Protein chains: 2
Amino acid sequence: MAEALTGEAILAATEEVLRRYGPAKATVVDVAKALGVSHGSVYRHFPTKAALREAVTRRWLDAIHVEMESVLDENASAADNLRAWLQHLFDRKRRSHTEEPELFATFRVLVSESCTIPDYHVEHLVGQVARIIRAGVDTQEFVTDDVNATAKAVWDATDMFHHPAHAQEWGDPHIQDAFDAVVSLLVAGLRYNRIPSAAGDA
Amino acid sequence: MAEALTGEAILAATEEVLRRYGPAKATVVDVAKALGVSHGSVYRHFPTKAALREAVTRRWLDAIHVEMESVLDENASAADNLRAWLQHLFDRKRRSHTEEPELFATFRVLVSESCTIPDYHVEHLVGQVARIIRAGVDTQEFVTDDVNATAKAVWDATDMFHHPAHAQEWGDPHIQDAFDAVVSLLVAGLRYNRIPSAAGDA
DNA sequence: GGACTGACAGATTTCAATATCTGTCAGTCC
DNA sequence: GGACTGACAGATATTGAAATCTGTCAGTCC
């Protein structure tokens, strides 16, 4: 029978079916049809439809994680690295939203379907922010008592530039100005910041 | 005949109907029924259903605007004022969300229905933030080249603590820590911040 | 004997008929 | 004569019957 049915082939077919029909209409039967097998065979590799969708989503997010890793520049200042990293994430999401709105909407639905996927994604990216900030603390460019809490704060404060719920605002002609203003404020804060639970000013 | 039908009476009845049936089910016929008149009479005071809903929403937002005005303390530092103001807004929205989830959801829908209402609301509140920051600049507690842009940046950076799209995250046990971390970072930034379009550091 | 099929039960979705709602306006009532 | 009514047309929402989908599993095929 031609080739053996692999998990990878099912994932690729699922991605294609999602791209074509969207998250609401894509069915397991469609995926099986695209592969020329019965839908029972798909259930041999993935226990449920939700697990199949989650696997596709995770693959997509992992590609973002890898891409974001490559933005970091060892020789740049921490502030420049942070700004470039946040800008790259913003640009990538915004481009995805404007150039392939259906696909963006599809992944938006997939991510929100799962309880574990969003945490996985956020934790990974906040980890990258933490590494940038830690480098800044090491060179005394930044000051903070708690790198991880501060990284989370930077993530939260730039939320509207990466959270899909705000995608419609990304079309605003002044959105880049808003981004620059927020990042400048954050970078200024990173140069001298204490988490409130810690002792007061020096 | 009893009393003449007033716009105010219609607004109150509409609010009550919205509270009881929710935004999806509340109809103009329901409002008329609650007032003991025909629905044609309601259209004598409001041109469309959308206009009626918008009037109710605007009344509700105005109450928030008035309440937020009262938080400002002439004698406090700008940093304390800003923190207290943001905290009050966050607490109010969070309380509304947890104590009256249906009503909160109702107004969330009403606000998102209108194109002009959200801008009106945001502009008003950002204006209040700008006043706090301007006071801080006057006392040399804060530094900024553009008070309005910086106020907008503070608003944007605290977005997840007031935007209803993030309401579900407000139940997180660590949300107050996240809030404190973001506000501390912003306040630290306000003590020395330049918008990127302006000249470099002193 | 392990990968695959296809029929099945229960859950979910679709679709078209039916009911309700919005907005209008000629007419009623004090 | 100005506030209100109620019947109306077109738009929207509801409903329930029919179709489809999900997940299972006994059985087929190499």
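Numbered from 1 within each chain, the chains take letters A, B, ... in sequence-line order. Note that this is a predicted model, so its numbers are computed, not measured. Note that these values count all heavy atoms, side chains included, but never hydrogens, waters or copies made by symmetry.
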Enquirer: Among A/F90, A/W170, A/W155, which residue meets the ring pair (Phe, Tyr, Trp, His ring centres under 6.0 Å) test with A/F161?
Expert: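 Exactly one candidate clears the test, A/F90.
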Enquirer: Looking at B/D119 and B/T116, would you say the former's side chain and the latter's main chain have a donor-acceptor pair under 3.5 Å?
Expert: no
Enquirer: Does the separation of the ring centres of A/H97 and A/F107 fall below 6.0 angstrom?
Expert: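 Distance test on ring centres: not under 6.0 Å, no.
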Enquirer: Rounded to whole Å, please give me the gap between OH in A/Y21 and P in C/dT13.
Expert: 18 Å
Enquirer: Show me the dot-bracket string of DNA chain D, counting Watson-Crick or G-U pairs under 3.5 Å, with | for pairs to another strand and [ ] for crossing ones.
Expert: ||||||||||||||||||||||||||||||
Enquirer: Students often get this wrong, so: under 4.0 angstrom with heavy atoms, is A/V28 touching a base, only sugar-phosphate, or nothing?
Expert: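 Sugar-phosphate contact only.
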Enquirer: Which of these, A/M68, A/E67, A/R94, sits in a side chain to side chain contact (heavy atoms under 4.5 Å, CB included) with A/L89?
Expert: A/M68
Enquirer: Minimum heavy-atom separation for B/F46 and B/L11, please, with both atom names.
Expert: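 Residues B/F46 and B/L11, closest heavy atoms: CZ-CD2, 3.8 Å.
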Enquirer: Does the side chain of B/I133 come within less than 4.5 Å of B/L190's, by heavy atoms?
Expert: yes
Enquirer: Is the ring centre of A/H162 less than 6.0 Å from the ring centre of A/F179?
Expert: no
Enquirer: Grab the N/O contacts between the protein and nucleotides 12-18 of chain D below 3.5 Å, and write none if there aren't any.
Expert:
none

Enquirer: Considering only heavy atoms from C-beta outward, does the side chain of B/H65 approach that of B/Y120 to under 4.5 Å?
Expert: yes
Enquirer: Could you tell me the separation between the NZ atom of B/K33 and the C1' atom of D/dT5, rounded to a whole number of Å?
Expert: 16 Å
Enquirer: Could you go through A/T48 and A/R53, starting from their C-alpha distance and side-chain angles, then the distance that decides it, and tell me whether this counts as side chain to side chain donor-acceptor pair (under 3.5 Å)?
Expert: CA-CA 9 Å; A/T48 64; A/R53 286 173 164 236; over 6 Å; no
Enquirer: To the nearest Å, how far apart are A/R53 CZ and D/dG23 P?
Expert: 10 Å
Enquirer: So that I can tick it off, tell me whether A/E100 and A/R95 are bridged by a salt bridge, with the cut-off set at under 4.0 angstrom between side-chain N and carboxylate O.
Expert: no
Enquirer: For DNA chain D, which residues of residues 35-50 of chain A approach it to below 4.0 angstrom with any heavy atom?
Expert: A/H39, A/Y43, A/T48, A/K49
